[in-house]
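Encoded as structure tokens, the structure appears first; notes follow it.
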Amino acid sequence: MANRLKTTCCIVGGGPAGVMLGYLLARKGVNVTVLEKHKDFFRDFRGDTVHPSTLELMYELGVLDEFLAVPHQELQSISGVVGGYSFKVADFTRVPTHCKFVALMPQWDFLNFLSERAREFGGFELRMEHEATDLLREDGKIVGMVAQTPDGAVQITADLVVACDGRHSTMRDAAKWPVTEFGVPMDVLWYHIGRRANDPEQLFGNINYGRALVLINRGDYFQAGLIIRKGSFEEMKTAGMEAFRETIARIAPYLGDRVHELQSWEEIKLLTVKLNRLERWYEPGLLCIGDAAHAMSPAGGVGINLAIQDAVATANLLDDALHERRVTPELLARVQCRREFPTRLTQAAQANAHKLFAKVFRQTGPMQAPWQLKTVVRIPGITHVIGRVVGTGARPEHIKDARRSGAYLRHQVAKVTLGLGIAAGVLLVCRKLAG
């Protein structure tokens with residue numbers, strides 16, 4: 001017979017959204033249990049970009065200085081290369097947040113930091129090696145879930161189950177919710193390759209010869225991602241490892257002296273890129289957020305940060321109701337309503353980026369940067385605009401009852417002033433037309 005446990009909120013998935021939500025709810029005095037199927041957080045080739053919007057949350061929580069003491073790299077801008085033409089993509093130095101950079105930090109360090117802070121609150125419980133397998137229902141309502149552990153099955157009853165278990169969500173499948181898939185033309189091959197002190201800095205995209213190479217600075221090595229045409233990995237394996245090395249050296253010649261570090265296909269990890277979305281994120285007793293509700297493409301590196309924004313909105317809207325044990329479908333609907341707009345907007349932007357990659361894949365020879373690209377990157381201020389869009393997203397969330405940075409307050413004042421100015425202008429025009 002399965003062991004039985006009880007909690008107020010059971011969060012399935014110990015990724016960024018799940019741990020952040022657990023932290024925020026425990027901070028407000030809610031009893032919360034977070035389940036993670038692995039025995040630790042140490043898994044490579046996960047999203048490592050912590051954007052200014054997420055760093056702002058660390059500031060609001062009062063832990064920013066501690067967070068930045070964890071080893072990381074900082075990017076104040078992002079650059080790219082197309083066919084030998086170098087250009088700046090985004091500049092974060094004018095983003096209206098406390099930190100005007102993207103932090104590159106291994107996801108396991110990020111999750112360890114959050115979970116350690118969450119454990120300071122008595123209501124937080126993190127259970128490792130607990131793999132959620134099914135939902136518990138009673139009178140047509142979800143009342144908990146079932147997990148497999150090294151010691152056998154356990155049933156956990158809860159007022160609310162929040163599925164944060166990623167793009168292959170077991171809880172979403174158990175609920176039998178349909179998912180709308182959007183076509184994606186690419187996959188990503190992740191691997192490690194050595195880094196030298198004189199390698200180009202802040203290089204986030206090198207596009208040539210029908211491929212795109214992403215390089216994430218990890219100190220003495222790069223976490224590298226080769227973006228390829230979807231379904232072409234088996235063709236590349238058939239061509240052989242030497243052809244793979246030659247492809248990397250052709251795109252980024254400065255890596256040519258170290259491609260020999262790649263010895264077998266076991267070192268190459270395939271990420272099958274998905275872009276999808278649930279039409280409905282909830283039913284009584286169950287809510288999906290993050291990739292469980294909307295799988296994101298790696299384009300822009302925004303997936304983690306969007307999922308964390310989901311977690312903040314969920315905590316802001318549901319913490320009081322969880323305290324009072326009155327979580328209703330109407331409240332769950334408010335979470336989806338709050339977060340669906342930025343999700344749709346971000347996915348639309350990623351779908352447009354995918355169209356550009358599809359064009360890249362059709363050109364197998366040396367590329368030339370198109371004149372349109374050269375024109376756009378010369379527009380005054382365009383890199384700051386892109387930096388703001390990438391750095392904060394379409395609807396950045398802020399933690400209820402937390403402190404705000406001066407940059408955020410100034411931004412809010414500027415928005416109110418602009419709104420009043422527009423309203424006054426419209427009123428003046430209307431009076432002139434009426435008079």
Side-chain angles (χ1 to χ4, degrees), residues 44-52 55 68-95 99-110 188-228 241-264 267-269 271 298-301 360 365-369 373-374 377-378 382-384 386-387 390-391:
D44 212 345
F45 306 122
R46 299 295 181 94
D48 296 329
T49 53
V50 184
H51 286 205
L55 293 169
L68 294 179
V70 179
H72 67 282
Q73 289 80 40
E74 297 177 4
L75 293 180
Q76 291 187 327
S77 63
I78 295 175
S79 300
V81 178
V82 174
Y85 175 74
S86 300
F87 60 97
K88 184 181 289 187
V89 178
D91 189 322
F92 303 109
T93 58
R94 296 184 186 176
V95 174
C99 294
K100 302 180 185 301
F101 55 81
V102 169
L104 301 180
M105 179 183 294
Q107 192 174 119
W108 58 83
D109 286 338
F110 179 72
V188 182
L189 302 180
W190 287 111
Y191 56 94
H192 292 161
I193 194 166
R195 179 179 173 274
R196 308 282 190 268
N198 60 346
D199 284 341
E201 289 293 329
Q202 301 184 345
L203 181 63
F204 243 54
N206 197 328
I207 301 173
N208 214 343
Y209 296 96
R211 304 278 200 283
L213 181 64
V214 175
L215 297 168
I216 300 175
N217 182 352
R218 284 283 190 83
D220 60 350
Y221 70 92
F222 285 118
Q223 178 175 312
L226 184 66
I227 301 174
I228 63 172
M241 178 58 71
E242 186 58 34
F244 181 74
R245 298 189 195 102
E246 290 173 0
T247 296
I248 297 169
R250 190 181 305 120
I251 299 172
Y254 60 90
L255 296 178
D257 63 348
R258 65 205 86 155
V259 293
H260 64 276
E261 296 172 7
L262 299 170
Q263 293 295 313
S264 78
E267 303 168 51
I268 316 298
K269 305 301 180 185
L271 171 64
V360 169
M367 289 190 63
Q368 296 293 325
L373 171 64
K374 295 180 179 180
V377 298
R378 291 193 182 107
I382 189 65
T383 57
H384 294 291
I386 297 173
V390 173

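Excluded from the calculations below are hydrogen atoms, water molecules and symmetry mates; all remaining heavy atoms, backbone and side chain alike, are included. We count residues from 1, following the sequence as given.
- Of the candidates His72, Arg218, Glu74, Met105 forms a side chain to side chain contact (heavy atoms under 4.5 Å, CB included) with just one, namely His72.
- Scanning both residues, Phe101 and Leu55, for their nearest heavy atoms gives O-CD1, 3.4 Å.
- With hydrogens and angles ignored, the 3.5 Å screen pairs no side-chain donor or acceptor of Arg211 with any backbone N or O of Leu226.
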Starting from the C-alpha separation in whole Å, work towards a yes-or-no answer on side chain to side chain contact (heavy atoms under 4.5 Å, CB included) for Phe244 and Val259. CA-CA 9 Å; Phe244 181 74; Val259 293; over 6 Å; no

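- Counting only heavy atoms from C-beta outward, the side chains of His384 and Thr93 approach each other to under 4.5 Å.
- Taking 4.5 Å as the limit, every side-chain heavy atom of Lys88 sits out of range of all side-chain heavy atoms of Val377.
- In this structure, the side chains of Val188 and Val214 stay at 4.5 Å or more apart for every pair of heavy atoms.
- Of all heavy-atom pairs spanning Arg196 and Arg258, the tightest one is CG-NH2, 3.3 Å.
- Contact record, Asn208 with Gly84: ND2-N, 4.5 Å, taken as the closest heavy-atom pair.
- Between Leu271 and Pro298 the shortest heavy-atom distance is CD2-CG, 3.8 Å.
- Residue Asn206 holds its CG atom at 8.0 Å from OG of Ser86, rounded to the nearest 0.5 Å.
- Atom-to-atom distance recorded for Thr247:OG1 and Leu213:CG is 10.5 Å, nearest 0.5 angstrom.
- Taking CD1 of Ile248 as the reference point, atom OH of Tyr191 lies at 3.5 Å (rounded to 0.5 Å).
- The heavy-atom pair separating Arg378 from Lys374 by the smallest distance is CG-O, 3.1 Å.
- The CG atom of Leu255 lies 13.5 Å from the CZ atom of Arg250; values are rounded to the nearest 0.5 Å.
- Distance check: Thr383 OG1 to Arg94 CZ gives 8.0 Å after rounding to the nearest 0.5 Å.
- Contact annotation: the side chain of Phe110 never approaches that of Asp48 to less than 4.5 Å [non-hydrogen atoms, C-beta and beyond].
- With rounding to the nearest 0.5 angstrom, the CD1 atom of Ile251 is 9.5 Å from the OH atom of Tyr209.
- Counting heavy atoms from C-beta on, the side chains of Leu104 and Leu75 come closer than 4.5 Å.
- Counting heavy atoms from C-beta on, the side chains of Val82 and Phe87 come closer than 4.5 Å.
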Show your reasoning for whether side chain to side chain contact (heavy atoms under 4.5 Å, CB included) applies to Phe222 and Arg195. CA-CA 6 Å; Phe222 285 118; Arg195 179 179 173 274; 3.5 Å; yes

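- Across all their heavy atoms, Gly301 and His51 have their closest contact at O-NE2, 3.2 Å.
- By the 4.5 Å heavy-atom criterion applied to side chains, Val102 and Pro52 are counted as neighbours.
- The environment of Gln368 atom CD is sparse: at most 12 non-hydrogen atoms of other residues, nucleotides or ligands sit within 6.0 angstrom.
- Using a 4.5 Å heavy-atom threshold, the side chains of Pro200 and Leu215 count as separate.
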